[in-house]
Amino acid sequence: MVYLKTDDEIALLKKSNQLVGLTLAEVAKHIKPGVTTRQLDAVAEEFIRDHGAVPTFKGYPNTHGQPFPGSICASVNDVVVHGIPSDEVLKEGDIISVDCGVSLDGFCGDSAYTFAVGEISPELQKLLEDTKQSLYLGIEQAVVGKRIGDIGNAVQNYCQANGFSVVREFVGHGIGREMHEAPAVPNYGASGRGMMLKNGLCIAIEPMIVMGNRNIYIERDGWTVRTVDHKPAAHFEHSIAVRPRGAEILSTFEFIDEVLTANKV
Ligand code: MG
Ligand code: MG
């Protein structure tokens with residue numbers, strides 16, 4: 001079942017997603033060598049609850065009914081998505097994808113960003129830049145009259161042209177009162193195929209792009225998704241609303257950019 005949202009519902013989704021953007025920026029302030037992913041998780045949870053929202057990820061069940069223990073997914077290096085916050089210490093040269101979801105006034109926000117820990121190699125820098133760029137190319141296709149396949153096709157073409165591979169087993173999704181609603185939004189596919197995009201369709205677009213081949217496995221914890229070849233993975237996500245003249249991006253990296261710019265000075 002696909003639920004198209006009213007303007008009022010989209011305004012509420014935007015509020016939730018802006019809080020996710022603020023939370024990711026708060027986490028970004030703490031990302032540096034020596035910090036543990038559990039510490040980052042605590043920062044996020046406190047920030048979300050201080051703003052009257054609930055971390056949607058906490059307790060979210062996987063297909064085996066195992067609840068996710070954290071408020072963020074903290075996925076380091078070869079972990080693609082769904083990394084469990086732990087005592088793992090970040091070190092110079094790592095990359096970490098932070099995925100965050102909140103529930104506020106009955107609507108969910110969902111967004112992710114992959115950060116550099118200190119200085120990273122030019123190869124990793126390119127993986128991050130190209131994955132982020134592919135997200136925006138996908139978003140460009142999220143216009144009334146286009147199809148779901150146009151989004152995935154744009155992401156896939158760009159990433160593969162740059163020598164990267166697209167993870168197939170995990171995809172984007174509709175978002176609304178539930179974090180995961182229909183339709184599925186793959187990061188690959190044929191243009192002109194799939195569901196027609198209508199005004200008010202709200203989806204999370206989230207390319208999961210890897211430096212090596214696209215094979216992945218899930219660890220025994222039931223959550224952690226890792227590349228088989230242990231090459232690094234990047235993940236960027238925005239929640240958007242399909243509109244007649246282009247997508248309205250509901251989440252934001254603006255607050256993250258402010259933190260990253262301040263860190264550079
Ligand atoms: Mg997410
Ligand atoms: Mg998502």
Side-chain angles (χ1 to χ4, degrees), residues 2-3 5 13-14 16-28 37 40-41 44-45 47-48 53-63 67-76 79-85 95-104 107-115 128 131-132 134-136 138-139 142 148 151-152 155 166-188 201-209 216 218 223-225 233-242 247 249-253 255-256:
V2 172
Y3 298 96
K5 273 74 180 182
L13 272 170
K14 183 158 189 174
S16 308
N17 275 290
Q18 293 287 305
L19 178 56
V20 175
L22 285 164
T23 308
L24 289 172
E26 191 62 27
V27 170
T37 55
L40 299 178
D41 185 59
E45 180 168 6
F47 191 85
I48 292 166
V54 171
T56 318
F57 292 6
K58 196 148 200 172
Y60 195 89
N62 65 12
T63 50
F68 190 78
S71 295
I72 56 169
C73 296
S75 306
V76 180
V79 177
V80 183
V81 285
H82 303 167
I84 295 175
I95 56 171
I96 176 173
S97 153
V98 180
D99 193 348
C100 179
V102 308
S103 305
L104 180 65
F107 284 87
C108 295
D110 186 11
S111 180
Y113 196 97
T114 304
F115 298 93
L128 300 197
T131 304
K132 198 206 291 184
S134 77
L135 167 60
Y136 286 106
I139 290 171
I148 285 283
I151 297 172
V155 171
V166 177
V167 169
R168 306 287 180 99
E169 291 84 351
F170 296 88
V171 296
H173 49 89
I175 184 162
R177 290 185 182 278
E178 301 292 330
M179 181 165 61
H180 295 135
E181 297 185 355
V185 184
N187 298 302
Y188 58 91
L201 178 70
C202 293
I203 52 175
I205 303 176
E206 48 179 316
M208 290 155 249
I209 306 301
I216 50 106
I218 300 176
W223 283 104
T224 311
V225 177
H235 176 216
F236 287 83
E237 175 179 26
H238 270 315
S239 293
I240 64 107
V242 173
I249 303 180
L250 305 172
S251 49
T252 179
F253 296 155
F255 308 119
I256 296 170

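Numbering of ligands and ligand atoms starts at 1, following listing order.
Taking the N/O/S atoms of Glu206 in turn, the shortest distance to the Mg ion (ligand 2) belongs to OE2. Of all the N, O or S atoms in Glu237, the one closest to the Mg ion (ligand 1) is OE1. The Mg ion (ligand 1) is closest to atom OD1 of Asp99 (considering only N, O or S atoms). Within Asp110, the N, O or S atom at minimum distance from the Mg ion (ligand 1) carries the name OD1.
Using a cut-off of 2.8 Å, one finds that His173 contributes an N/O/S atom close to the Mg ion (ligand 2).
For an aromatic pair to be called close, the ring centres must be under 6.0 Å apart, and His235 with Tyr113 fails this.
For the side-chain contact (heavy atoms from CB on, under 4.5 Å) with Ser103, the lone residue among Leu19, Ile48, Thr56 that qualifies is Thr56.
Taken from CD1 in Ile205 to NE2 in His238, the straight-line distance is 9.5 Å, to the nearest 0.5 Å.
Between Val185 and His173, the closest side-chain pair of non-hydrogen atoms is not below 4.5 Å.
With a 6.0 Å cutoff to the six-membered ring centre and a 45° limit on the axis angle, Arg168 counts as a cation-pi contact of Tyr188.
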